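Heads up: the structure comes next, in structure tokens.
Everything quoted here is computed from the prediction, not taken from an experiment. By convention in this document, chain letters (A, B, ...) are assigned in the order of the sequence lines, proteins followed by strands, and residues within each chain are numbered from 1.
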Amino acid sequence: MIRDRYKKLPREFYARDTHAVAKELLGKVVVRQWRGKTIAVRINEVESYVGEDDQASHASRGRTPRTAIMYGPPGLAYVYLIYGMYYCLNVVTEKEGYPAAVLIRGAVMESGMRNQELGLEKPLNGPGKLCRALHITSAQNRLDLARSDTLYIADDGFAVSPRAITATPRVGVDYAGEHALLPWRYVIQNEP
DNA sequence: ACGCTGATGAAG
DNA sequence: TTCATCAGCGTT
């Protein structure tokens, strides 16, 4: 069972500046209930995708059937298939109507959750691996992380010093011109 | 450095 | 309806 001090992040957490949300997601715990088991991993790598002007964002082409979720309420999951075989988990941020999200790129197993049984002893360094480990697919697209009990993000009091956060350019967005250089990828320097 | 793989969105 | 393009990963 999840320890009592795990607090599910409320919608207000996500309804803020995307970079603030992204940095504060570092050290938080993604909790997944799957087939009666709990899988919990601590986030150590994220990326911000902000607005239609961001040429690296899926929303750069405006509202489409796929990107409509990014314009939706904060706290909803945006899950998409990439390269035909991997899923990526994002969480929608900012106020409804403004397209922005944080991509959860990396995490490590949270101890004491019997995760070893589930084969999560290896670091989940990459959004595809993370989704595979947490059994996240397009079935979780549009899920409300502020309400769901099967997939949400929790604060367990783990503190990440701002000094431990490094900002770098985002991964895999070379096509985005000058936006590819923006330091909108945030990583914890020394893993939790 | 490359192939796998299929949804997506733009073009026609 | 086709077609190029991909917010990744594992193997070479």
Review point. Where do R170(A) and A56(A) come nearest, in terms of heavy atoms and distance?
Key: NH2-CB, 3.5 Å
Check your understanding: Is there a Watson-Crick or G-U wobble partner for dA1(B) with both distances under 3.5 Å, and if so, which one is it?
Key ->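 Looking at the geometry, dA1(B) pairs with dT11(C).
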Check your understanding: Rounded to the nearest 0.5 Å, how far does CD of Q189(A) lie from CD1 of I165(A)?
Key -> 10.5 Å
Practice item. Enter the distance from T18(A):OG1 to Y49(A):OH here, rounded to the nearest 0.5 Å. Key: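 Between T18(A) OG1 and Y49(A) OH, I get 12.5 Å after rounding to 0.5 Å.
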Do the side-chain N and O atoms of [X] and [Y] include a donor-acceptor pair separated by under 3.5 angstrom?
X      : Y      : answer
S48(A) : H19(A) : yes
Y71(A) : E52(A) : yes
Y14(A) : E12(A) : no
S60(A) : S57(A) : no

Point to revise | Charged N-O contact under 4.0 Å between R11(A) and D144(A) | key: yes
Using atom [atom1] of [X] as one end and atom [atom2] of [N] as the other, report the distance to the nearest whole Å.
X       : N      : atom1 : atom2 : value
L124(A) : dC9(C) : CG    : P     : 10 Å
N125(A) : dG8(C) : CG    : C1'   : 11 Å
I69(A)  : dA7(C) : CD1   : C1'   : 17 Å
Y78(A)  : dA7(C) : OH    : C1'   : 9 Å
L134(A) : dG8(C) : CG    : C1'   : 16 Å
R105(A) : dC9(C) : CZ    : C1'   : 11 Å
L89(A)  : dG8(C) : CG    : C1'   : 15 Å

Exercise for review: Please state whether the phosphate of dG8(C), meaning OP1 or OP2, lies under 4.0 angstrom from any side-chain nitrogen or oxygen of R170(A).
Suggested key: no
Exercise for review: Would you indicate, yes or no, if dC6(C) has its OP1 or OP2 atom less than 4.0 angstrom from a side-chain nitrogen or oxygen of Y80(A)?
Suggested key: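 Result: no.
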Practice item. Establish, for the pair R42(A) and F158(A), whether the NZ or CZ atom is under 6.0 angstrom from the six-membered ring centre and no further than 45 degrees off its axis. Key: yes
Check your understanding: F13(A) ring centre to R16(A) NZ or CZ under 6.0 Å, with the angle to the axis within 45°?
Key ->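 Yes.
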Check your understanding: Relative to the ring of W34(A), is the ring of H135(A) parallel (under 30°), tilted (30 to 60°) or perpendicular (over 60°)?
Key ->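 If you compare the ring of H135(A) with that of W34(A), the planes turn out parallel.
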Check your understanding: How about R61(A): does its CZ atom have over 12 heavy atoms from other parts shown lying under 6.0 Å from it?
Key -> no
Point to revise | Sugar-phosphate, base or nothing in reach of R185(A), heavy atoms under 4.0 Å | key: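 It contacts nothing in the nucleic acid.
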Study note, to complete from the structure: Of the candidates dG10(C), dA7(C), dG8(C), the side chain of K129(A) sits closest to dG10(C)
Practice item. Report, as a single string ordered 5' to 3', how protein heavy atoms within less than 4.0 Å touch nucleotides 2-12 of chain B: B base, S sugar-phosphate only, - not at all. Key: --BBBSSSS--
Check your understanding: Which parts of residues 93-102 of chain A get close to DNA chain B, meaning a heavy atom less than 4.0 angstrom away?
Key ->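 Under 4.0 Å from DNA chain B: no residue of residues 93-102 of chain A.
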**Study point:** Contacting residues from residues 48-59 of chain A, given that a heavy atom lies under 4.0 angstrom of DNA chain C
**Key:** Y49(A), A56(A), H58(A)
